[in-house]
Each structure stands twice: as C-alpha cells, then as structure tokens.
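Structure first, then comments.
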Amino acid sequence: MSQKTRQEIEIDFTRAIDQAAELERLAVDLSRIANSGVDPAMIVIKNSWTGSASESMPYDTRRAMADIYNAADDLLRVAKNIRTTADIVYNAEKKALKLCF
C-alpha cells in the first residue's frame with residue numbers, strides 16, 4: 001500500500017467533512033419538514049378522509065413525525081461519526097507522513 005501525499009490527505013479530509021456537512025443539512029431539512037410540512041398535509045388528509053381507518057390518523061401522524069425526527073437524529077449521529085473518524089484518520093496520516101520524512 002502506497003503512502004498518501006499531503007495533498008491527498010487534505011483532499012480526503014475535506015471530502016469527509018463536506019459529506020458530514022451535507023448529512024447535517026439533510027437532517028435540518030428533515031426536521032423542517034416535520035415541523036412545518038407534515039402538519040398541513042395531515043390536516044388536508046384528515047379533513048378529506050372519513051371512515052373507520054381515519055380514526056387512527058392522529059396516531060399515524062405522530063408516528064410519522066417521530067420517524068422523521070429519528071431519521072434526522074440518525075443523520076446527525078452519522079455526520080458526527082464521520083467528523084470524528086475523519087479527524088482520527090487525518091491526524092494519523094499526517095503523523096505517518098512526518099515519520100517517513
């Protein structure tokens with residue numbers, strides 16, 4: 001296995017941090033959808049949907065919103081793990097590079 005150059009190390013680190021930032025943006029978007037986008041849609045469905053199955057709508061709505069929030073939290077955890085791993089790998093590769101020169 002060949003050793004990475006300083007430039008390759010920096011590029012890989014930047015790429016990982018950019019990916020973490022993208023996941024964080026997606027998490028914010030999901031939370032925004034859960035906060036403002038789901039309620040109006042559920043109101044329209046509730047007003048339009050009648051029958052015995054419509055009685056479970058409040059529960060289903062809360063469950064859907066919880067699922068969205070959980071997905072956003074998962075994305076934030078993954079982003080944090082990417083950042084942590086990227087820092088560890090970055091520092092290790094930089095140290096290895098210094099030892100070889």
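Computed from a predicted model, the values in this text were never measured in an experiment.
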**OP:** Enter the distance from Arg62:CZ to Asp67:CG here, rounded to the nearest 0.5 Å.
**Re:** 13.0 Å
**OP:** For the pair Lys4 and Asp12, evaluate side-chain contact (heavy atoms from CB on, under 4.5 Å) and give the outcome as yes or no after the intermediate values.
**Re:** CA-CA 10 Å; Lys4 291 183 180 179; Asp12 288 347; 2.4 Å; yes
**OP:** Could you go through the side-chain contact (heavy atoms from CB on, under 4.5 Å) check for Tyr90 and Ile17 one step at a time?
**Re:** CA-CA 11 Å; Tyr90 176 79; Ile17 297 304; over 6 Å; no
**OP:** Kindly work out whether a path of hydrophobic side-chain contacts (I/L/V/M/F/W/Y, heavy atoms less than 4.5 Å apart) joins Ile33 to Leu75.
**Re:** yes
Original post:
Would you say Leu23 and Ile82 make side-chain contact, with heavy atoms under 4.5 Å?
Top reply: yes
Subject >> Value rounded to 0.5 Å, distance of CD in Glu93 from CD1 in Ile88 >> reply: 12.0 Å
Original post:
Is Arg32 paired with Asp29 through a side-chain N to carboxylate O contact shorter than 4.0 Å?
Top reply: yes
Subject >> For Arg25 against Asp18, the heavy-atom pair lying closest together >> reply: NH2-O, 4.3 Å
Original post:
Do Glu10 and Lys94 meet the salt-bridge criterion of a basic N to acidic O distance under 4.0 Å?
Top reply: yes
Original post:
What is the distance from atom CG of Asp73 to atom OG of Ser31, rounded to the nearest 0.5 Å?
Top reply: 7.0 Å
Subject >> Smallest separation among heavy atoms of Ala34 and Tyr69, with atom names >> reply: CB-CZ, 3.6 Å
Original post:
Heavy-atom distance under 4.5 Å between the side chains of Leu76 and Lys80, does that happen here?
Top reply: no
Subject >> Heavy-atom pair of closest approach, residues Ala71 and Leu30 >> reply: CB-CD1, 4.0 Å
Subject >> Charged N-O contact under 4.0 Å between Glu24 and Arg83 >> reply: yes
